[in-house]
J.: 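This is the structure I have questions about; it appears just below.
Convention: sequence-line order gives letters A, B, ...; per-chain numbering from 1. Just so it is clear, the model here is predicted, and its values are computed rather than measured.
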Number of protein chains: 2
Amino acid sequence: MSAESSEASGRPGSAWDGEGPAPQRWDEVDRLVSAWRHERPDLDVSPLEVLSRVTRLARHLDRARRTAFAERGLETWEFDVLSALRRAGTPYQLSPGQLLTQTLVTSGTMTNRIDRLAAKGLVVRGPDPNDRRGVLVRLTDSGREVADAALTSLLKNERELLAALPDRRLGELADLLRELTVQFESE
Amino acid sequence: MSAESSEASGRPGSAWDGEGPAPQRWDEVDRLVSAWRHERPDLDVSPLEVLSRVTRLARHLDRARRTAFAERGLETWEFDVLSALRRAGTPYQLSPGQLLTQTLVTSGTMTNRIDRLAAKGLVVRGPDPNDRRGVLVRLTDSGREVADAALTSLLKNERELLAALPDRRLGELADLLRELTVQFESE
DNA sequence: GCCAAGTATCTTGATGTCGAGTCTCCTGCC
DNA sequence: GGCAGGAGACTCGACATCAAGATACTTGGC
């Protein structure tokens, strides 16, 4: 990647040419990148234009979800697990290992999560009939209700966050992000 | 947002029309969205195409950075703070409050981080001459060296992650992400 | 000048996560 | 069929984070 990327001009909104709509507002990452270009003009910091925004946006999302779920007495991590089981379809059960790859946590964390969800009666742990090492985690009726209700309100919130962009651009954004994620999932 | 977004077809790569290059590989989010469309056909889950990818990509990035920094004996959170101070420019000092907005953590967390960085000799805490409530955190020479070295290797790693996309598309991606982040930063 | 409201930072307690190690069981090779 | 290596889930200790509240100071209105 060269230093002549679309952001090299030092202002946001690569497509703006002085006419048409005003340029977008600066965000924290614009300030961050601009500061680095001043302090370290020897480095090409353009990767941060994308990756710092991903990290920061994820943190904002995390906060928004945390407070939204909290109103329903639900923790974000609880939804992560319950929703994975819910969308697996009947009989709504997965192994801890499958849950790991879907939620991107370590096995110790997942054991702990399952324990607490089981204590709340949202899931039950059972043996895997085909592998005596294995365990199958299954959603209870109560857990399914919680997952369904939470998904509906999550989507409502997230739709509002995306209202700033038309569908066509959201599709482009999804495609661009996919190209970055596939690298992490290839093994 | 309607259910007729570019992703409604249920396969990734909205621009693919059956000719030209093959469609991209599916990622976990494609599977996730496809599963929801089967289980909850009554809901429009298209927001997840974007936001679940952001969350997951951030987690992958987090892991990659964690292991990369660990080779240098550095924690991700240490770099977050040191780099904010470094790019502030001489005399490399900021208040805890300014560090909060840059790193998106709570004040308790920042107090703790500064304590530990000070114990390692990477920053020093001093009084704010203009506000006796305030504190100024300043980078030591040692802290500056650590920050500079870590930034260089961070950028090297991240450039590789972005190599899959040409500069023009990275610029588009940065612009799209900016439009989502500004909403969180407006107050 | 004083007071109320606001701001900046720190303290505390609860909690979730990680990473390394352990135990059990499976799989394929000889 | 036995054994080595791998895979799946769990245990445990260390630790970073958060939320809420406490403390000290500042600011603006009167």
J.: Can you give me the closest heavy-atom contact between A84(A) and Q102(A), atom names plus distance?
T.: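 Distance-wise, the nearest heavy atoms are CB-OE1, 3.8 Å.
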J.: Which pair of non-hydrogen atoms, one from D44(B) and one from L155(A), has the smallest distance, and what is that distance?
T.: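 Taking every non-hydrogen atom into account, O-CD1, 3.8 Å.
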J.: Below 3.5 Å is the cut-off: list the nitrogen or oxygen pairs between protein and nucleotides 14-17 of chain C, distance only.
T.:
{"residue": "dG16(C)", "atom": "OP1", "partner": "R116(A)", "partner atom": "NH1", "Å": "3.1"}
{"residue": "dG16(C)", "atom": "OP2", "partner": "R116(A)", "partner atom": "NH1", "Å": "2.9"}
{"residue": "dG16(C)", "atom": "O5'", "partner": "R116(A)", "partner atom": "NH1", "Å": "2.8"}
{"residue": "dT17(C)", "atom": "OP1", "partner": "R113(A)", "partner atom": "NH2", "Å": "2.5"}
{"residue": "dT17(C)", "atom": "OP2", "partner": "R113(A)", "partner atom": "NE", "Å": "3.2"}

J.: Within this structure, what is the CG-to-C1' distance between L104(B) and dT17(D), rounded to whole angstrom?
T.: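 Between C1' of dT17(D) and CG of L104(B): 14 Å.
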J.: Any heavy-atom pair between the side chains of P127(B) and R132(B) that's under 4.5 Å?
T.: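 They are not in side-chain contact.
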J.: Using only atom types and a distance under 3.5 Å, with no angle test, would you say the side chain of T55(A) pairs donor to acceptor with the backbone of S52(A)?
T.: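 Flag not set: sc T55(A) to bb S52(A) has no pair under 3.5 Å.
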J.: Starting at the 5' end of DNA chain D, which residue's closest nucleotide do you reach first, I114(A) or R66(A)?
T.: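 Counting from the 5' end, the first nearest nucleotide belongs to I114(A).
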J.: Please give, in whole Å, the distance from dC18(D) P to D62(A) CG?
T.: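 Spelled out: CG on D62(A) to P on dC18(D) is 9 Å.
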J.: Output the residues of residues 117-127 of chain B in contact with DNA chain D, where contact means a heavy atom of the residue under 4.0 Å from an atom of the strand; sort by number or write none.
T.: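 Hits under 4.0 Å, by residue number: none.
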J.: Rounded to the nearest Å, what distance is computed from the CZ atom of residue R132(B) to the C1' atom of nucleotide dC10(C)?
T.: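 Going from CZ in R132(B) over to C1' in dC10(C) covers 18 Å.
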J.: With a 4.0 Å cut-off on N to O distance, would you call R53(B) and D30(B) a salt bridge?
T.: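 Counted as a salt bridge, because a side-chain N and a carboxylate O are separated by less than 4.0 Å.
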J.: Inspect the contact between D175(A) and R178(A) and indicate whether a charged nitrogen and a carboxylate oxygen are less than 4.0 angstrom apart.
T.: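 Looking at R178(A) and D175(A), the cut-off is met.
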J.: CG of N130(A) versus P of dC25(C): gap in Å, rounded?
T.: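 Whole-Å distance recorded here is 16 Å.
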J.: Is D128(A) salt-bridged to R133(A), going by a charged N under 4.0 Å from an acidic O?
T.: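 Looking at R133(A) together with D128(A), the answer is no, because their closest N to O distance does not fall below 4.0 Å.
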J.: Going by an N to O cut-off under 4.0 Å, is there a salt bridge joining E78(A) and R116(A)?
T.: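 So E78(A) does not pair with R116(A) through a salt bridge.
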J.: Given atom CZ of R133(A) and atom P of dG6(D), what is their separation to the nearest angstrom?
T.: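 Nearest whole value for this atom pair: 13 Å.
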J.: If I take atom CG in residue D128(B) and atom P in nucleotide dA24(D), what distance separates them, rounded to the nearest angstrom?
T.: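 Distance, rounded to whole Å: 18 Å.
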J.: Whole angstroms only, please: what is the CG-C1' distance between D131(B) and dT26(D)?
T.: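 Rounding to the nearest Å, CG of D131(B) and C1' of dT26(D) are 7 Å apart.
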J.: Checking side-chain hydrogen bond (donor to acceptor under 3.5 Å, both in side chains) against D62(B), which of R65(B), R66(B), H60(B) comes through?
T.: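 Of R65(B), R66(B), H60(B), side-chain hydrogen bond (donor to acceptor under 3.5 Å, both in side chains) with D62(B) is met by R66(B) alone.
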J.: What is the distance from CZ of F79(B) to C1' of dA16(D), rounded to the nearest Å?
T.: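 Whole-Å distance recorded here is 19 Å.
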